[in-house]
Amino acid sequence: SRTARAELCGASVVQQGENVLLRIVSDKVVVQRLNSIIAECPSAPDEFIIHLRAGAGIAKGKVISVQPISQTLEISLCE
């Protein structure tokens with residue numbers, strides 16, 4: 001899968017279509033804006049993790065959707 005669900009951290013405000021940085025930190029996928037972690041992917045699909053590891057643990061991503069009630073995001077990998 002080229003998308004993953006992420007859980008927002010704290011009071012982060014994220015917009016649909018926003019470009020983000022995806023990284024593997026301590027065997028977990030995190031979503032960053034500049035130097036701040038704004039979300040975490042607790043159960044990213046294997047294909048998503050493999051793609052990140054192939055890129056030295058870092059990749060560009062895009063916010064596909066934001067679900068304010070559940071405080072989650074759908075993130076896609078940018079090619």
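Everything quoted here is computed from the prediction, not taken from an experiment.
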**Report entry** ILVMFWY network linking Leu77 to Leu73, side-chain heavy atoms under 4.5 angstrom
**Finding:**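 Yes; Leu73 is reachable from Leu77 via cluster members.
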Query - Joint hydrophobic cluster, Leu21 plus Ile75, side-chain heavy atoms closer than 4.5 Å - result: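 Looking at the clustering, Ile75 is in a separate group from Leu21.
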Query raised in the report: Are side-chain heavy atoms of Ile37 and Arg23 found at a separation under 4.5 Å?
Result: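 Counting from C-beta outward, Ile37 and Arg23 never come under 4.5 Å.
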**Report entry** Side-chain heavy atoms of Arg2 within contact of Pro45, under 4.5 Å
**Finding:**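 With C-beta onward as the side chain, the pair stays apart.
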Distance from [X] atom [atom1] to [Y] atom [atom2], nearest 0.5 Å?
| X | Y | atom1 | atom2 | answer |
| --- | --- | --- | --- | --- |
| Leu22 | Cys78 | CG | SG | 8.0 Å |
| Glu40 | Gln32 | CD | CD | 10.5 Å |
| Ser43 | Glu7 | OG | CD | 7.5 Å |

Query - Flag if over 12 foreign heavy atoms under 6.0 Å of CG, Asp46 - result: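 For Asp46, atom CG is not crowded (no more than 12 foreign heavy atoms under 6.0 Å).
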For residues 53-69, tabulate all N or O donor-acceptor pairs below 3.5 Å that involve a side-chain atom, not counting sequence neighbours.
residue, atom, partner, partner atom, Å
Ser65, OG, Gln67, NE2, 2.8
Gln67, OE1, Thr72, OG1, 3.1

Report task. Looking only at non-hydrogen atoms, find the nearest pair between Phe48 and Val29 and report the distance. Result ->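 Phe48 and Val29 have their closest heavy atoms at CE2-CG1, 4.0 Å.
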